[in-house]
Amino acid sequence: RTMTTMTMSDTTGVVWRMPPLRRPMPMMLPSLMGSAPPVHPFLPGADLDPATIPDAVFREIIEMANGDTLHLEAGFVRRRIGARSFTMYGFNGQYPGPLIRVPQGSEIVVLFTNAIDLPTTVHWHGVRLDNRYDGVPGVTQDPVEPGESFVYRVRFPDAGLYWYHPHLREDVAQDLGLYGNMVVDSPEPDYLGPVNGEDFLILDDLLVDEGGLFPYGREAAIQTLTGRFGNQLLVNGEPRWETTVRRGEVRRLYLTNVANTRTFNLVLDGARAKLVAADISKFERERFVDNVVLAPAQRYLVDVRYDTPGTYAVMNSIQAIDHFNAKYYPEVDTIGVVTVLDEPVAEDFGTAFETLRENADVIADIDRYRREFARAPDHELELTVRVNGLPSAMVGVMAIDTLFYPPVEWNDAMPMMNYLSTSQNLTWVFRDPQTGKQNRDIEWSFRVGDVAKIRIHNLRKSFHPMQHPIHIHGQRFLVVARDGVPEENLAWKDTVVIPVGATFDILLEASNPGRWMAHCHIAEHLEAGMGMVLTVTEAR
Ligand code: C2O
Ligand code: CU
(Lines give C-alpha, C1' and ligand atoms only; values in the text may rest on other atoms or scores of the structure.)
(Ligands and ions follow the chains in the order given, each with its own letter.)
Protein backbone atom coordinates (compact mmCIF):
# COMPACT_ATOMS: atom_id res chain seq x y z
CA ARG A 1 0.00 0.00 0.00
CA THR A 2 2.72 2.43 0.87
CA MET A 3 5.47 1.17 -1.36
CA THR A 4 5.38 0.62 -5.06
CA THR A 5 7.80 -1.01 -7.39
CA MET A 6 10.34 0.84 -9.44
CA THR A 7 8.32 0.46 -12.64
CA MET A 8 5.83 3.23 -11.93
CA SER A 9 6.35 5.86 -14.57
CA ASP A 10 4.63 8.97 -15.78
CA THR A 11 3.25 9.46 -19.26
CA THR A 12 6.46 11.11 -20.46
CA GLY A 13 8.56 8.09 -19.61
CA VAL A 14 10.12 9.44 -16.42
CA VAL A 15 10.77 6.46 -14.14
CA TRP A 16 11.72 6.11 -10.51
CA ARG A 17 15.25 5.05 -9.88
CA MET A 18 17.28 4.61 -6.74
CA PRO A 19 18.41 7.91 -5.24
CA PRO A 20 22.14 8.58 -5.33
CA LEU A 21 23.46 6.73 -2.25
CA ARG A 22 26.68 7.15 -0.38
CA ARG A 23 29.04 4.16 -0.54
CA PRO A 24 29.47 1.91 1.26
CA MET A 25 25.79 1.56 1.83
CA PRO A 26 24.43 1.21 5.36
CA MET A 27 23.69 -2.39 6.33
CA MET A 28 20.00 -1.86 7.05
CA LEU A 29 19.04 -0.65 3.62
CA PRO A 30 18.65 -3.85 1.57
CA SER A 31 15.13 -4.38 2.96
CA LEU A 32 14.11 -1.18 1.23
CA MET A 33 15.90 -1.77 -2.06
CA GLY A 34 13.72 -1.90 -5.13
CA SER A 35 10.97 0.15 -3.58
CA ALA A 36 9.82 3.51 -4.85
CA PRO A 37 7.66 6.28 -3.44
CA PRO A 38 3.88 5.74 -3.83
CA VAL A 39 3.45 8.62 -6.26
CA HIS A 40 4.28 9.10 -9.93
CA PRO A 41 7.72 10.39 -10.87
CA PHE A 42 7.66 13.82 -12.45
CA LEU A 43 10.10 16.01 -14.31
CA PRO A 44 8.60 19.21 -15.72
CA GLY A 45 9.21 19.61 -19.42
CA ALA A 46 10.19 15.97 -19.93
CA ASP A 47 7.87 15.91 -22.95
CA LEU A 48 9.34 19.06 -24.52
CA ASP A 49 11.96 19.03 -27.25
CA PRO A 50 15.04 20.63 -25.67
CA ALA A 51 15.84 22.30 -28.99
CA THR A 52 12.70 24.42 -28.62
CA ILE A 53 13.61 25.71 -25.13
CA PRO A 54 15.73 28.86 -24.82
CA ASP A 55 19.11 28.68 -23.08
CA ALA A 56 19.04 30.50 -19.77
CA VAL A 57 21.19 33.62 -19.45
CA PHE A 58 22.86 34.96 -16.33
CA ARG A 59 20.64 37.28 -14.32
CA GLU A 60 20.48 40.99 -14.91
CA ILE A 61 20.31 43.66 -12.25
CA ILE A 62 17.16 45.75 -12.64
CA GLU A 63 17.26 49.07 -10.83
CA MET A 64 13.74 50.30 -10.26
CA ALA A 65 12.23 53.51 -8.93
CA ASN A 66 8.99 54.12 -7.10
CA GLY A 67 6.05 53.36 -9.40
CA ASP A 68 8.04 51.39 -11.98
CA THR A 69 6.65 48.25 -13.57
CA LEU A 70 8.42 44.94 -14.08
CA HIS A 71 7.26 42.15 -16.36
CA LEU A 72 8.12 38.86 -14.75
CA GLU A 73 7.51 35.54 -16.43
CA ALA A 74 8.12 32.06 -15.07
CA GLY A 75 9.02 29.80 -18.00
CA PHE A 76 11.05 26.86 -19.21
CA VAL A 77 14.77 27.27 -19.83
CA ARG A 78 17.69 25.03 -20.71
CA ARG A 79 20.38 25.22 -18.10
CA ARG A 80 23.98 24.18 -18.55
CA ILE A 81 25.48 23.04 -15.26
CA GLY A 82 29.01 21.73 -15.51
CA ALA A 83 29.15 19.61 -18.64
CA ARG A 84 25.45 18.81 -18.73
CA SER A 85 22.21 20.43 -19.81
CA PHE A 86 18.83 20.19 -18.13
CA THR A 87 15.30 21.44 -18.76
CA MET A 88 14.51 23.72 -15.83
CA TYR A 89 12.55 26.85 -14.97
CA GLY A 90 13.65 30.48 -14.92
CA PHE A 91 12.23 33.94 -14.33
CA ASN A 92 12.56 35.97 -17.55
CA GLY A 93 14.82 33.28 -19.01
CA GLN A 94 17.51 33.99 -16.41
CA TYR A 95 19.38 32.16 -13.69
CA PRO A 96 18.92 33.19 -10.95
CA GLY A 97 15.91 35.43 -11.54
CA PRO A 98 16.54 39.16 -12.14
CA LEU A 99 18.02 41.00 -9.19
CA ILE A 100 15.58 43.78 -8.33
CA ARG A 101 17.21 46.82 -6.75
CA VAL A 102 14.94 49.49 -5.26
CA PRO A 103 15.15 52.43 -2.87
CA GLN A 104 13.68 51.98 0.59
CA GLY A 105 10.09 53.21 0.75
CA SER A 106 9.36 52.59 -2.91
CA GLU A 107 6.61 50.49 -4.44
CA ILE A 108 6.81 48.62 -7.73
CA VAL A 109 4.24 46.86 -9.90
CA VAL A 110 5.05 43.36 -11.08
CA LEU A 111 3.04 41.96 -13.98
CA PHE A 112 3.56 38.26 -13.47
CA THR A 113 2.81 35.61 -16.10
CA ASN A 114 2.88 31.89 -15.53
CA ALA A 115 4.41 30.13 -18.55
CA ILE A 116 5.33 26.91 -16.74
CA ASP A 117 3.27 23.74 -16.52
CA LEU A 118 2.32 24.03 -12.83
CA PRO A 119 0.01 26.48 -11.07
CA THR A 120 2.19 28.92 -9.17
CA THR A 121 2.47 32.28 -7.36
CA VAL A 122 5.24 34.67 -6.41
CA HIS A 123 6.03 35.30 -2.74
CA TRP A 124 8.22 38.29 -1.80
CA HIS A 125 10.08 36.75 1.08
CA GLY A 126 10.64 39.01 4.09
CA VAL A 127 9.00 42.06 2.56
CA ARG A 128 6.35 43.73 4.71
CA LEU A 129 4.00 44.38 1.80
CA ASP A 130 0.23 44.47 1.49
CA ASN A 131 -1.21 41.13 2.48
CA ARG A 132 -3.09 40.61 -0.80
CA TYR A 133 0.21 40.57 -2.72
CA ASP A 134 1.95 38.07 -0.44
CA GLY A 135 1.57 35.26 -2.97
CA VAL A 136 0.28 32.48 -0.73
CA PRO A 137 -2.25 30.26 -2.51
CA GLY A 138 -5.32 29.57 -0.43
CA VAL A 139 -4.46 32.38 1.99
CA THR A 140 -3.92 35.59 0.00
CA GLN A 141 -4.72 34.59 -3.60
CA ASP A 142 -5.71 31.76 -5.91
CA PRO A 143 -2.92 29.94 -7.71
CA VAL A 144 -1.95 31.49 -11.04
CA GLU A 145 -2.77 28.74 -13.54
CA PRO A 146 -0.49 28.02 -16.51
CA GLY A 147 -1.02 30.73 -19.09
CA GLU A 148 -2.56 33.16 -16.59
CA SER A 149 -1.28 36.38 -15.01
CA PHE A 150 -1.38 38.21 -11.72
CA VAL A 151 -0.50 41.79 -10.80
CA TYR A 152 1.58 42.27 -7.65
CA ARG A 153 2.25 45.61 -5.98
CA VAL A 154 5.31 45.26 -3.83
CA ARG A 155 6.28 47.98 -1.37
CA PHE A 156 9.58 47.99 0.42
CA PRO A 157 9.47 49.61 3.87
CA ASP A 158 12.74 48.10 5.12
CA ALA A 159 16.29 48.31 3.79
CA GLY A 160 17.85 44.89 3.38
CA LEU A 161 18.24 41.79 1.28
CA TYR A 162 15.16 39.80 0.24
CA TRP A 163 14.22 37.16 -2.29
CA TYR A 164 11.24 36.04 -4.30
CA HIS A 165 10.08 32.53 -5.10
CA PRO A 166 6.91 30.54 -5.88
CA HIS A 167 4.71 29.49 -2.96
CA LEU A 168 3.23 26.32 -4.45
CA ARG A 169 5.15 23.06 -4.87
CA GLU A 170 8.32 24.91 -3.99
CA ASP A 171 9.99 21.50 -3.78
CA VAL A 172 9.77 21.48 -7.60
CA ALA A 173 9.37 25.05 -8.84
CA GLN A 174 11.91 26.79 -6.62
CA ASP A 175 14.33 23.88 -6.90
CA LEU A 176 14.24 24.13 -10.70
CA GLY A 177 15.41 27.75 -10.64
CA LEU A 178 12.52 30.07 -9.74
CA TYR A 179 14.21 32.41 -7.29
CA GLY A 180 15.77 35.86 -7.36
CA ASN A 181 17.05 38.52 -4.98
CA MET A 182 15.72 41.94 -4.12
CA VAL A 183 17.93 44.51 -2.48
CA VAL A 184 16.44 47.55 -0.82
CA ASP A 185 18.83 50.47 -0.37
CA SER A 186 18.60 52.91 2.51
CA PRO A 187 18.60 56.60 1.50
CA GLU A 188 21.23 57.30 4.18
CA PRO A 189 24.67 57.33 2.53
CA ASP A 190 26.38 56.06 5.69
CA TYR A 191 23.80 53.35 6.46
CA LEU A 192 26.45 50.67 5.83
CA GLY A 193 30.23 51.00 5.94
CA PRO A 194 32.22 51.78 2.78
CA VAL A 195 33.19 48.92 0.43
CA ASN A 196 34.98 48.64 -2.91
CA GLY A 197 32.27 46.47 -4.41
CA GLU A 198 29.36 44.10 -3.90
CA ASP A 199 28.77 40.44 -4.72
CA PHE A 200 25.40 38.71 -4.59
CA LEU A 201 25.73 35.03 -3.81
CA ILE A 202 22.69 32.78 -3.91
CA LEU A 203 23.47 29.38 -2.41
CA ASP A 204 21.57 26.34 -3.62
CA ASP A 205 21.89 22.67 -4.50
CA LEU A 206 20.43 20.31 -7.08
CA LEU A 207 19.96 16.53 -7.09
CA VAL A 208 21.29 14.85 -10.21
CA ASP A 209 22.40 11.37 -11.19
CA GLU A 210 23.47 9.57 -14.39
CA GLY A 211 19.91 9.88 -15.66
CA GLY A 212 19.82 13.66 -15.29
CA LEU A 213 17.71 15.57 -12.81
CA PHE A 214 16.33 13.29 -10.15
CA PRO A 215 12.51 13.07 -10.50
CA TYR A 216 10.05 14.78 -8.18
CA GLY A 217 6.72 13.35 -7.00
CA ARG A 218 3.80 14.31 -9.23
CA GLU A 219 0.82 14.07 -6.89
CA ALA A 220 2.78 14.85 -3.75
CA ALA A 221 6.27 15.88 -2.69
CA ILE A 222 8.78 13.14 -1.99
CA GLN A 223 11.81 13.35 0.30
CA THR A 224 9.70 14.85 3.04
CA LEU A 225 11.74 13.27 5.84
CA THR A 226 14.87 15.40 5.62
CA GLY A 227 13.98 17.45 2.56
CA ARG A 228 15.58 17.17 -0.84
CA PHE A 229 19.33 17.51 -0.48
CA GLY A 230 21.10 18.10 -3.77
CA ASN A 231 24.46 16.55 -4.58
CA GLN A 232 25.52 19.46 -6.78
CA LEU A 233 26.13 22.66 -4.84
CA LEU A 234 25.42 25.87 -6.74
CA VAL A 235 26.32 29.53 -6.33
CA ASN A 236 24.12 31.77 -8.49
CA GLY A 237 23.09 28.62 -10.36
CA GLU A 238 26.65 27.60 -11.21
CA PRO A 239 28.91 24.96 -9.65
CA ARG A 240 31.59 27.48 -8.80
CA TRP A 241 31.77 31.19 -8.17
CA GLU A 242 34.98 32.87 -9.28
CA THR A 243 36.13 36.40 -8.75
CA THR A 244 39.30 38.46 -8.75
CA VAL A 245 40.04 41.26 -6.28
CA ARG A 246 42.92 43.55 -5.52
CA ARG A 247 44.96 43.34 -2.37
CA GLY A 248 43.18 45.10 0.48
CA GLU A 249 39.87 45.23 -1.31
CA VAL A 250 36.71 45.20 0.82
CA ARG A 251 33.74 43.42 -0.77
CA ARG A 252 30.22 43.23 0.57
CA LEU A 253 28.74 39.74 0.18
CA TYR A 254 24.96 39.55 0.01
CA LEU A 255 24.24 35.93 0.93
CA THR A 256 20.94 34.10 0.40
CA ASN A 257 20.22 30.42 0.89
CA VAL A 258 17.50 29.23 -1.51
CA ALA A 259 18.09 25.48 -1.12
CA ASN A 260 15.08 23.27 -0.40
CA THR A 261 16.61 21.97 2.83
CA ARG A 262 20.40 22.32 2.98
CA THR A 263 21.88 24.53 5.67
CA PHE A 264 25.21 25.98 4.57
CA ASN A 265 28.23 26.72 6.74
CA LEU A 266 30.20 29.17 4.67
CA VAL A 267 33.93 29.51 5.35
CA LEU A 268 35.99 32.08 3.46
CA ASP A 269 39.60 31.03 3.31
CA GLY A 270 42.09 33.92 3.35
CA ALA A 271 39.51 36.57 4.21
CA ARG A 272 38.74 38.53 7.29
CA ALA A 273 34.93 38.53 7.50
CA LYS A 274 32.60 40.87 9.31
CA LEU A 275 28.94 40.11 9.94
CA VAL A 276 26.96 43.25 9.20
CA ALA A 277 23.26 42.53 8.72
CA ALA A 278 20.66 39.75 8.79
CA ASP A 279 17.30 39.29 7.05
CA ILE A 280 15.55 42.62 7.69
CA SER A 281 18.09 44.83 9.46
CA LYS A 282 21.65 45.44 10.47
CA PHE A 283 22.87 43.89 13.69
CA GLU A 284 23.11 46.16 16.72
CA ARG A 285 26.87 45.72 16.53
CA GLU A 286 29.13 44.43 13.79
CA ARG A 287 31.45 41.57 14.65
CA PHE A 288 34.17 39.51 13.02
CA VAL A 289 33.25 35.90 12.30
CA ASP A 290 35.02 32.73 11.16
CA ASN A 291 32.03 31.25 9.38
CA VAL A 292 28.43 32.02 8.46
CA VAL A 293 25.61 29.52 8.93
CA LEU A 294 22.66 30.04 6.60
CA ALA A 295 19.54 27.91 6.81
CA PRO A 296 17.09 27.91 3.89
CA ALA A 297 15.59 31.37 3.26
CA GLN A 298 18.03 33.20 5.54
CA ARG A 299 20.11 36.14 4.35
CA TYR A 300 23.24 37.78 5.72
CA LEU A 301 25.41 40.69 4.70
CA VAL A 302 29.07 39.96 5.29
CA ASP A 303 31.90 42.37 4.50
CA VAL A 304 35.16 40.64 3.61
CA ARG A 305 38.69 41.89 3.13
CA TYR A 306 41.52 39.99 1.46
CA ASP A 307 44.93 41.40 2.33
CA THR A 308 47.36 38.75 1.06
CA PRO A 309 47.81 37.90 -2.63
CA GLY A 310 46.91 34.34 -3.56
CA THR A 311 44.05 32.04 -4.46
CA TYR A 312 41.49 31.27 -1.78
CA ALA A 313 38.59 28.88 -1.52
CA VAL A 314 35.03 29.70 -0.57
CA MET A 315 33.80 26.56 1.13
CA ASN A 316 30.78 24.86 2.55
CA SER A 317 32.38 23.18 5.53
CA ILE A 318 30.18 20.85 7.56
CA GLN A 319 30.14 18.03 10.06
CA ALA A 320 28.31 15.38 8.08
CA ILE A 321 26.53 12.71 10.03
CA ASP A 322 26.40 8.97 9.60
CA HIS A 323 23.31 7.93 11.55
CA PHE A 324 23.99 4.24 11.10
CA ASN A 325 27.46 4.27 12.55
CA ALA A 326 26.72 7.10 14.95
CA LYS A 327 29.56 9.30 13.90
CA TYR A 328 30.34 12.63 12.35
CA TYR A 329 32.88 13.24 9.63
CA PRO A 330 34.05 16.51 8.16
CA GLU A 331 32.93 17.33 4.63
CA VAL A 332 34.27 20.33 2.73
CA ASP A 333 33.08 21.46 -0.69
CA THR A 334 34.71 24.30 -2.56
CA ILE A 335 31.96 26.44 -4.06
CA GLY A 336 34.01 29.48 -4.98
CA VAL A 337 37.51 30.71 -5.69
CA VAL A 338 38.78 34.20 -4.98
CA THR A 339 42.00 35.35 -6.61
CA VAL A 340 43.73 38.20 -4.81
CA LEU A 341 46.07 40.15 -7.09
CA ASP A 342 49.34 41.56 -5.87
CA GLU A 343 48.18 45.08 -6.70
CA PRO A 344 46.82 47.33 -3.99
CA VAL A 345 43.22 48.45 -4.23
CA ALA A 346 42.87 52.07 -5.38
CA GLU A 347 40.77 53.23 -2.47
CA ASP A 348 41.73 51.47 0.77
CA PHE A 349 38.86 51.09 3.27
CA GLY A 350 41.01 49.01 5.63
CA THR A 351 40.61 51.32 8.60
CA ALA A 352 36.83 51.56 8.26
CA PHE A 353 36.70 47.79 7.80
CA GLU A 354 38.63 47.16 11.02
CA THR A 355 36.25 49.42 12.92
CA LEU A 356 33.29 47.53 14.34
CA ARG A 357 30.33 49.84 13.98
CA GLU A 358 27.65 50.14 16.59
CA ASN A 359 24.33 50.89 14.92
CA ALA A 360 22.53 53.43 17.10
CA ASP A 361 19.50 53.37 14.78
CA VAL A 362 19.00 49.63 15.24
CA ILE A 363 19.67 49.79 18.98
CA ALA A 364 17.12 52.60 19.43
CA ASP A 365 14.53 50.71 17.39
CA ILE A 366 15.02 47.58 19.50
CA ASP A 367 15.14 49.55 22.78
CA ARG A 368 11.38 50.05 22.50
CA TYR A 369 10.94 46.31 23.01
CA ARG A 370 13.62 45.35 25.54
CA ARG A 371 11.29 45.37 28.54
CA GLU A 372 9.33 42.56 26.89
CA PHE A 373 12.30 40.24 26.43
CA ALA A 374 12.16 38.39 29.74
CA ARG A 375 8.42 38.12 30.28
CA ALA A 376 6.40 34.92 30.02
CA PRO A 377 5.55 33.76 26.50
CA ASP A 378 2.15 34.53 25.00
CA HIS A 379 2.25 31.46 22.79
CA GLU A 380 4.28 28.30 22.46
CA LEU A 381 4.91 26.07 19.51
CA GLU A 382 6.28 22.54 19.43
CA LEU A 383 7.97 21.19 16.32
CA THR A 384 7.53 17.49 15.69
CA VAL A 385 6.63 14.85 13.12
CA ARG A 386 3.93 12.21 12.66
CA VAL A 387 3.92 9.16 10.41
CA ASN A 388 0.83 7.99 8.53
CA GLY A 389 1.80 4.75 6.91
CA LEU A 390 5.47 4.77 6.11
CA PRO A 391 6.89 1.39 5.13
CA SER A 392 7.28 -0.64 8.31
CA ALA A 393 10.81 -1.66 7.38
CA MET A 394 11.64 2.00 7.44
CA VAL A 395 9.95 2.76 10.73
CA GLY A 396 11.94 -0.11 12.24
CA VAL A 397 15.24 1.27 11.03
CA MET A 398 14.35 4.70 12.29
CA ALA A 399 13.53 3.41 15.75
CA ILE A 400 17.04 2.02 16.10
CA ASP A 401 18.35 5.26 14.97
CA THR A 402 16.67 8.04 16.91
CA LEU A 403 19.20 8.04 19.73
CA PHE A 404 21.74 9.88 17.66
CA TYR A 405 20.72 13.20 16.21
CA PRO A 406 22.87 16.25 15.64
CA PRO A 407 21.56 19.74 16.34
CA VAL A 408 21.74 20.43 12.61
CA GLU A 409 21.45 17.82 9.90
CA TRP A 410 23.92 19.21 7.36
CA ASN A 411 23.78 16.38 4.84
CA ASP A 412 21.42 13.74 3.50
CA ALA A 413 22.21 11.04 5.99
CA MET A 414 19.37 8.72 4.99
CA PRO A 415 18.67 9.15 1.28
CA MET A 416 16.76 5.87 0.86
CA MET A 417 14.30 6.50 3.65
CA ASN A 418 13.98 10.10 2.62
CA TYR A 419 13.16 8.96 -0.93
CA LEU A 420 10.21 6.87 0.28
CA SER A 421 8.73 9.63 2.42
CA THR A 422 6.01 11.75 0.86
CA SER A 423 3.75 14.55 1.99
CA GLN A 424 1.06 11.86 2.32
CA ASN A 425 2.83 9.29 4.49
CA LEU A 426 4.61 11.79 6.73
CA THR A 427 3.32 14.96 8.40
CA TRP A 428 5.57 17.59 9.91
CA VAL A 429 3.83 19.33 12.77
CA PHE A 430 3.52 22.69 14.46
CA ARG A 431 1.69 21.93 17.70
CA ASP A 432 0.29 24.53 20.06
CA PRO A 433 0.69 22.91 23.51
CA GLN A 434 -1.88 25.28 25.04
CA THR A 435 -4.73 24.11 22.78
CA GLY A 436 -3.38 20.87 21.34
CA LYS A 437 -4.14 22.21 17.87
CA GLN A 438 -1.83 21.50 14.96
CA ASN A 439 -0.76 23.24 11.76
CA ARG A 440 -3.67 24.87 9.90
CA ASP A 441 -6.00 24.37 12.89
CA ILE A 442 -3.95 26.71 15.06
CA GLU A 443 -5.60 30.12 15.41
CA TRP A 444 -3.50 32.97 16.70
CA SER A 445 -4.51 36.54 16.24
CA PHE A 446 -2.87 39.83 17.04
CA ARG A 447 -3.58 43.50 16.57
CA VAL A 448 -1.26 45.92 14.84
CA GLY A 449 0.97 47.27 17.61
CA ASP A 450 0.95 44.04 19.63
CA VAL A 451 4.21 42.47 20.63
CA ALA A 452 3.98 38.73 21.08
CA LYS A 453 6.53 36.53 22.76
CA ILE A 454 6.55 33.09 21.17
CA ARG A 455 8.48 30.17 22.61
CA ILE A 456 9.40 27.50 20.05
CA HIS A 457 10.50 24.04 21.16
CA ASN A 458 12.09 21.67 18.68
CA LEU A 459 11.27 18.36 20.35
CA ARG A 460 14.18 15.96 20.47
CA LYS A 461 11.95 13.01 21.27
CA SER A 462 10.27 12.40 17.95
CA PHE A 463 10.47 9.93 15.09
CA HIS A 464 13.06 12.03 13.29
CA PRO A 465 14.09 15.27 14.98
CA MET A 466 15.63 17.83 12.67
CA GLN A 467 16.37 21.54 12.61
CA HIS A 468 13.63 23.73 11.16
CA PRO A 469 14.05 27.20 9.63
CA ILE A 470 10.87 28.92 10.80
CA HIS A 471 9.64 31.82 8.68
CA ILE A 472 6.88 34.29 9.52
CA HIS A 473 5.38 36.26 6.65
CA GLY A 474 4.67 39.98 6.57
CA GLN A 475 6.12 40.92 9.98
CA ARG A 476 9.53 41.10 11.60
CA PHE A 477 10.79 39.50 14.80
CA LEU A 478 13.73 39.36 17.18
CA VAL A 479 15.33 36.20 18.53
CA VAL A 480 15.63 37.22 22.19
CA ALA A 481 16.82 33.98 23.84
CA ARG A 482 18.20 30.57 22.99
CA ASP A 483 17.63 27.86 25.60
CA GLY A 484 16.92 30.56 28.15
CA VAL A 485 20.14 32.45 27.46
CA PRO A 486 19.48 36.04 26.34
CA GLU A 487 20.82 36.97 22.92
CA GLU A 488 23.45 39.69 22.97
CA ASN A 489 23.47 41.22 19.54
CA LEU A 490 20.13 41.42 17.78
CA ALA A 491 18.86 42.07 14.28
CA TRP A 492 15.32 42.02 12.87
CA LYS A 493 14.63 38.74 11.16
CA ASP A 494 11.96 36.83 9.27
CA THR A 495 13.50 33.35 9.43
CA VAL A 496 15.14 31.59 12.37
CA VAL A 497 16.57 28.09 12.43
CA ILE A 498 15.74 26.06 15.53
CA PRO A 499 18.25 23.24 16.15
CA VAL A 500 17.17 19.82 17.43
CA GLY A 501 16.32 19.91 21.12
CA ALA A 502 16.51 23.70 21.34
CA THR A 503 13.99 26.18 22.73
CA PHE A 504 14.07 29.68 21.23
CA ASP A 505 12.12 32.75 22.31
CA ILE A 506 11.16 35.18 19.62
CA LEU A 507 9.48 38.55 19.95
CA LEU A 508 7.07 39.16 17.10
CA GLU A 509 6.16 42.73 16.29
CA ALA A 510 2.66 42.70 14.78
CA SER A 511 2.89 45.60 12.34
CA ASN A 512 1.15 44.57 9.16
CA PRO A 513 -2.53 43.57 8.98
CA GLY A 514 -3.71 40.47 7.17
CA ARG A 515 -3.67 36.68 7.23
CA TRP A 516 -0.07 35.59 7.16
CA MET A 517 1.62 32.22 6.95
CA ALA A 518 4.22 30.98 9.38
CA HIS A 519 5.96 27.80 8.34
CA CYS A 520 9.09 25.73 8.12
CA HIS A 521 11.08 26.83 5.08
CA ILE A 522 12.29 23.35 4.22
CA ALA A 523 10.22 23.05 1.03
CA GLU A 524 9.29 19.42 1.67
CA HIS A 525 8.34 20.09 5.30
CA LEU A 526 5.97 22.85 4.19
CA GLU A 527 4.48 20.41 1.65
CA ALA A 528 4.16 17.88 4.49
CA GLY A 529 2.02 20.24 6.53
CA MET A 530 4.41 22.27 8.68
CA GLY A 531 2.67 25.62 8.59
CA MET A 532 -0.06 27.74 10.12
CA VAL A 533 -1.80 31.03 9.50
CA LEU A 534 -1.74 33.93 11.90
CA THR A 535 -4.08 36.88 11.71
CA VAL A 536 -3.12 40.47 12.36
CA THR A 537 -6.05 42.87 12.56
CA GLU A 538 -6.00 46.67 12.36
CA ALA A 539 -5.25 48.51 15.57
CA ARG A 540 -8.33 49.45 17.55
CU1 C2O B 1 10.14 32.16 1.51
CU2 C2O B 1 6.42 31.25 2.93
O3 C2O B 1 8.26 31.69 2.21
CU1 CU C 1 11.15 21.72 8.86
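Along the sequence shown, residues carry numbers from 1. We count ligands from 1, going down the list as the structure has it; atoms in each ligand are counted the same way. Since we're looking at a predicted model, the values are computed, not measured.
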| query | With atom 1 (Cu) of ligand 1 as the point of reference, which N/O/S atom of His125 is the closest? | reply | ND1
| task | To the nearest 10 degrees, could you say what angle the Cu ion (ligand 2) makes with SG of Cys520 and ND1 of His525? | result | 130°
| query | Can you tell me the angle formed at atom 2 (Cu) of ligand 1 by NE2 of His519 and NE2 of His167, to 10°? | reply | 110°
| Does a salt bridge link Asp505 with Lys453, judged by any charged N lying under 4.0 Å from a carboxylate O? | yes
| Cut-off 3.5 Å, side chains only: do Ser317 and Asn265 have a donor facing an acceptor? | no
| Does any N, O or S atom of His468, backbone or side chain, fall under 2.8 Å from the Cu ion (ligand 2)? | yes
| Whether His525 and His468 hold their rings parallel, tilted or perpendicular, with breakpoints at 30° and 60° | tilted
| query | Checking only N/O/S atoms, does His165 have one that is under 2.8 Å from atom 1 (Cu) of ligand 1? | reply | yes
| message | Side chains of Thr503 and Arg455 only: does a donor on one sit below 3.5 Å from an acceptor on the other? | response | no
| query | Quick one: are the ring centres of Tyr419 and Trp16 less than 6.0 Å apart? | reply | yes
